[in-house]
Amino acid sequence: MKVRAIVLAAGKGTRMKSSTPKVLHELCGRPMLWYTLAALREAGIADIVVVANAELAPHVDAFGVPTVLQREQLGTGHAVRVALEGIAPVAGGRIVIAYADMPLVPHDVYHGLLAALGEERDTAMALVTAAMPLPSNFGRVVREGAHVRRIVEARDAGAAELAISEMNAGIYAFDEDAVREAVGALRNENAQGEYYLTDVVEHFVKGGRPVRSMQAPDHEQVLGVNDRVELAQARRAMNERLCERHMREGVTIVDPQTTYLEPELAIGRDTIIYPNTSIGRLSEVGEGCVVGPNARLSNVRLGRGVTVRESVLVDSGVGDGSTVGPFAHVRGGAELGAGVRIGNFVEVKKSSLADGAKASHLSYLGDAIVGEGSNIGAGTITCNYDGKNKHATVIGKGVSVGSNTSIVAPRTIGDGAMTGAGSVVTKDVAPGERVAGNPARPLPKR
Ligand code: UD1
Ligand code: CA
């Protein structure tokens, strides 16, 4: 049985009051739409189309799914009609419909929904419902005895219906022939003058086709994001879920409420994350690391036993047993080897430091290569920019760069060389050579 999914994302999203399409607003580092697609794929549904408006459509390609354009936003039922016109019919197929503004729906809800729909072609649809605290803007599920009778939108509901606390989550599975027929018959006589997808329920019931339902175990899973208050609520819930996942895998998170994670992170066992720390953009943290407090890691690889305190690391890698911070900035493709020490007020940009190298205080290392075991003294600056171009600095192994040395790049300092405090290095320094002064000159051999 072929299962396809239609994701509705064309709504105007007026309640966001934003020039960015609603489903591109991010929570935990991913756009809302990303979560819906990820959950559907995790449920084994690979064949997905997104219904988009003209503003959103150009952005959908990046998600690796085809788009159907809904030019005018005439309601969820109209959106589904447009989508079905855009995809070839499959006899006996199954269509799952999800709204892209519900990022917290886990993949097992889709499994449960398809199980509720069952194999019987006679069943027209299954929908997910949720018990929710009142008041609520969700559509109400009106039952007759045990059977779902219809869904009434909050704006069209009378007082008795508004008192119902079983809500329409907005996730459905259909027999394909049934949904094609039903959306063709929709009318827009309601408070919003829209074609409501939810009206197909009553249509099926009146036609004698069974409609099944399953209740979501937790109403938070089906929280819809319509404004920025709900976006913040969804972010908090998603972050809690991400933190829980890592804690259950052996990561200590001292304060999940102030630890900001994203999906698709790898964090090793026995790593401890202290408060006010964010880790994102596909970062990988090894085992037994200490990260935070007040750290930001974005697209970073940490080896084992790395310590990062009060520092910002972006697009960089740090080897086993190294320490960074407090108050360091490592960025732009920096690569630190094992046992490296980057101390306070040190910026490392697009530079590599080999094993055991140290820059402990107040330095800028840009476009530099630092050899094994070299010590970069306090206040050392690689003067990499001549106002037009960036130039490289190469520092060999076991070099001792004195405090407050300025290295005017491009420059090479050979293995075992030494610079005196306050040196301004304007010429290459040979291996084993000792230089000092401004401009730095060789000192007599010891
Ligand atoms: C909808 C349901 C409601 C349910 C709630 C759950 C309808 C009529 N109502 O209400 O019963 O409780 O979701 O969150 O379906 N969209 C389009 N094209 C359109 C209109 C909407 O693609 O013309 C998309 C939106 O981008 C959004 C989704 O459909 O992703 C739902 O639309 P929205 O306006 O948010 O519906 P709700 O009022 O939340
Ligand atoms: Ca909504």
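Both ligands and their constituent atoms are indexed starting at 1 by order of listing. Fair warning: this is a prediction, and the values are worked out from it, not measured in the lab.
Ligand 1 is approached by Lys22 to a heavy-atom distance shorter than 4.0 Å. The shortest separation from a heavy atom of His78 to ligand 1 is not under 4.0 Å, leaving the residue out of contact. Proximity of Arg15 to ligand 1 is established by a heavy-atom distance of less than 4.0 Å.
At a heavy-atom distance under 4.0 Å, only backbone atoms of Leu74 (N, CA, C or O) approach ligand 1.
In this structure, Glu120 and Arg212 have side chains that are not in contact, with every pair of non-hydrogen atoms separated by 4.5 Å or more.
The single protein non-hydrogen atom nearest to atom 4 (C) of ligand 1 is Asn168 O, 3.3 Å, given as residue, atom name and distance. For atom 32 (O) of ligand 1, the closest heavy atom belonging to the protein is Thr76 CG2, 3.8 Å. Remark: minimum distance from atom 1 (C) of ligand 1 to any protein heavy atom is reached at Tyr99 CE1, 3.5 Å. Summary of contacts: the protein heavy atom closest to atom 22 (O) of ligand 1 is Ala10 N, 2.9 Å. The protein atom (non-hydrogen) at minimum distance from atom 26 (O) of ligand 1 is Gly11 N, 2.7 Å. Remark: minimum distance from atom 35 (O) of ligand 1 to any protein heavy atom is reached at Asp101 OD2, 3.2 Å. The single protein non-hydrogen atom nearest to atom 30 (O) of ligand 1 is Leu8 O, 2.9 Å, given as residue, atom name and distance.
For Arg301 and Glu335, the salt-bridge test passes: some basic side-chain N is under 4.0 Å from an acidic carboxylate O. Under the 4.0 Å criterion applied to side-chain N and carboxylate O atoms, Glu176 and Arg4 are assigned as salt-bridge partners.
Scanning Met32, Arg155, Glu153 for the heavy atom closest to atom 3 (C) of ligand 1 points to Glu153.
Taking the N/O/S atoms of Asp101 in turn, the shortest distance to the Ca ion (ligand 2) belongs to OD2.
Within the coordination shell of the Ca ion (ligand 2), defined by N, O or S atoms under 3.0 Å, Asn226 is present.
Using bins of under 30°, 30° to 60° and over 60° for the plane-to-plane angle, the ring pair His78/Tyr195 lands in the tilted bin.
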